[in-house]
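Atoms considered below: every heavy atom in the structure, side chains included; atoms not considered: hydrogens, waters and symmetry mates. As the structure is a computational prediction, the values presented were derived from the model and not from experiment.
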Amino acid sequence: MTSLVAWVAGHTKGQASLNIATDNRISWSGTSNGRLAALDTWDQGRKVFASRRYPIIAGYCGDVLFPIISIPALIDRIDAGGPTEDYVSPRAISQIVGNFIGRLKAGWEAYPKKAPLTIYLGYREDRSIPTTGVKEDPAFYLLRLSTSESRGWDWNITAIPLPLTSHLVASDGSGGTAIRNHVDAWNATASGHTSRAIYSAFVDAVVSGVDPLSGGAPQLASIYRKGPGKLLGIVHRNAAYYAGLPVNAKDNLTSVEFRNANFERVDVRGSLLKGAQRQDRPDHIPPA
């Protein structure tokens with residue numbers, strides 16, 4: 001299955017970013033001694049995606065084959081239209097998201113091996129209008145698209161309310177309960193109710209091993225107040241990862257933003273960037 005978390009990061013001006021993180025384990029599950037177990041696993045599966053042209057990100061949990069093929073194909077179609085858009089009107093982004101969902105549904109209708117699936121689709125509306133000088137805070141949105149046999153494989157689409165402050169807005173997949181438990185533990189500390197606390201709690205939940213169907217390195221996609229979606233690199237247990245895969249010395253990722261388990265801004269080697277703020281873990285919460 002998957003561990004998936006989504007959260008809003010807030011600052012003094014309101015919402016600063018919308019983020020979706022997952023693990024990278026693909027598992028073939030079964031039962032062992034009467035209990036759910038991961039019989040085979042592969043810790044290189046991609047589960048989060050970001051448009052390079054528009055402020056759109058996506059992640060999934062549940063069935064793997066359909067989303068891992070369909071989501072990147074649909075995002076490639078979005079990105080094929082031209083260069084990055086500095087300003088995207090609410091009407092334009094609404095049409096793009098609507099087309100994405102329409103094509104997703106059409107592909108699902110023809111898909112022969114249906115299985116329960118949930119997709120999270122995040123996007124941003126730009127409210128400021130550069131040509132007129134009108135300035136207004138952008139608005140972030142997160143949609144939950146789910147389907148199951150009990151619903152006749154129809155899609156249920158829910159808009160998740162997003163607060164203005166840093167807050168967990170979704171924890172899903174087989175590791176969802178473990179994520180919520182670790183977020184609660186972090187929220188009981190002085191570092192709680194922050195963006196970094198949510199991400200660090202998510203990492204703690206994945207590495208805890210409580211959910212055998214989740215594991216490997218985290219993946220992270222974000223939308224900021226300006227610019228398109230971003231796929232971030234991750235430094236996890238002294239190794240770097242990008243798009244679910246290990247980074248090697250031949251990869252040219254100088255333009256990629258990396259984060260570690262403390263949500264600190266680091267380089268591909270895990271060293272804190274110049275000017276980046278160090279984020280200490282609470283004393284009673286062990287390192288991930």
Side-chain angles (χ1 to χ4, degrees), residues 4-21 48-59 71 74-104 119-145 157-172 183 187 192-199 202 220-232 255-257 259 263 265 273 275-277 279:
L4 180 148
V5 65
W7 75 97
V8 172
H11 66 8
T12 55
K13 294 183 179 180
Q15 296 166 334
S17 67
L18 174 61
N19 311 273
I20 299 175
V48 297
F49 309 87
S51 168
R52 295 177 180 271
R53 188 181 181 204
Y54 294 106
I56 296 173
I57 58 175
I71 295 176
L74 292 172
I75 288 181
D76 283 348
R77 183 181 292 269
I78 290 171
D79 290 347
T84 299
E85 297 282 352
D86 292 329
Y87 166 74
V88 186
S89 70
R91 180 178 180 182
I93 198 69
S94 178
Q95 290 176 339
I96 293 166
V97 169
N99 287 339
F100 181 101
I101 294 173
R103 290 183 180 275
L104 186 79
I119 295 172
Y120 287 84
L121 183 63
Y123 62 100
R124 185 194 73 232
E125 283 185 357
D126 293 330
R127 302 288 181 82
S128 296
I129 306 175
T131 56
T132 64
V134 172
K135 293 185 178 181
E136 190 176 340
D137 285 342
F140 293 85
Y141 297 90
L142 182 64
L143 302 179
R144 184 180 188 270
L145 298 82
I157 302 176
T158 305
I160 298 175
L162 302 182
L164 297 178
T165 56
S166 296
H167 204 280
L168 174 73
V169 294
S171 56
D172 209 335
V183 170
N187 282 344
H193 304 284
T194 61
S195 181
R196 70 181 181 89
I198 296 168
Y199 178 76
F202 163 75
L220 174 62
S222 301
I223 306 172
Y224 298 146
R225 289 172 67 88
K226 294 182 179 180
K230 271 193 172 185
L231 192 65
L232 279 69
S255 63
V256 174
E257 179 181 342
R259 300 287 180 128
F263 212 52
R265 295 190 298 119
L273 293 179
Q277 184 175 354
Q279 307 288 358

Asks: Is any side-chain heavy atom of I198 closer than 4.5 Å to a side-chain heavy atom of T194?
Replies: no
Asks: Examine distances only and state if a side-chain atom of D79 and a backbone atom of R52 form a donor-acceptor pair shorter than 3.5 Å.
Replies: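 The answer is yes, because a donor-acceptor pair under 3.5 Å joins these two groups.
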Asks: Given R124 and D126, is the salt bridge (Lys or Arg N to Asp or Glu O under 4.0 Å) satisfied, shown in steps?
Replies: CA-CA 6 Å; R124 185 194 73 232; D126 293 330; 2.6 Å; yes
Asks: Can you tell if the side chain of I57 reaches within under 4.5 Å of the side chain of V48, non-hydrogen atoms only?
Replies: no
Asks: Salt bridge (Lys or Arg N to Asp or Glu O under 4.0 Å), that's the test. Do D137 and R225 meet it? Break it down for me.
Replies: CA-CA 8 Å; D137 285 342; R225 289 172 67 88; 2.9 Å; yes
Asks: Which heavy atom of S195 sits nearest a heavy atom of W7, and at what distance?
Replies: OG-NE1, 2.7 Å
Asks: Using the ring of F263 (Phe, Tyr or Trp, six-membered ring only), decide whether R259 places NZ or CZ under 6.0 Å from its centre and within 45 degrees of its axis.
Replies: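 Yes, a cation-pi geometry.
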Asks: Hey, could you give me the CG/CD1 distance between L18 and I56, rounded to the nearest 0.5 Å?
Replies: 12.0 Å
Asks: Using 0.5 Å steps for rounding, measure from the CZ atom of F100 to the OH atom of Y123.
Replies: 12.5 Å
Asks: Of L142, L220, I223, which meets side-chain contact (heavy atoms from CB on, under 4.5 Å) against I20?
Replies: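 So, applying the side-chain contact (heavy atoms from CB on, under 4.5 Å) to I20 and each of L142, L220, I223, only L142 qualifies.
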Asks: Look at atom CZ of R103 and say whether more than 12 heavy atoms of other residues, nucleotides or ligands are closer to it than 6.0 Å.
Replies: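 Count not over threshold, so no.
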Asks: So which heavy atom on S51 is nearest to which on I75, and how close?
Replies: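 Of all heavy-atom pairs spanning S51 and I75, the closest is CA-CG2, 3.8 Å.
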Asks: Give the C-alpha distance, both sets of side-chain angles, the deciding distance and a yes or no for side chain to side chain contact (heavy atoms under 4.5 Å, CB included) between I119 and L104.
Replies: CA-CA 10 Å; I119 295 172; L104 186 79; 3.7 Å; yes
Asks: For a quick check under 3.5 Å, do Y120 and D172 share a side-chain donor-acceptor pair by atom type?
Replies: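 Yes, because at least one side-chain N or O of Y120 sits under 3.5 Å from a partner of the opposite role on D172.
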Asks: Would you call K230 and E257 a salt bridge, using N to O less than 4.0 angstrom?
Replies: yes
Asks: To the nearest 0.5 Å, how far apart are CG in L121 and CZ in F49?
Replies: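 Reported value, rounded in 0.5 Å steps: 12.0 Å.
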Asks: So Y199 and Q279, side chain to side chain donor-acceptor pair (under 3.5 Å) or not? Walk me through it.
Replies: CA-CA 12 Å; Y199 178 76; Q279 307 288 358; over 6 Å; no
Asks: Less than 4.5 Å apart, side chain to side chain, heavy atoms only: is that true for L145 and L143?
Replies: yes
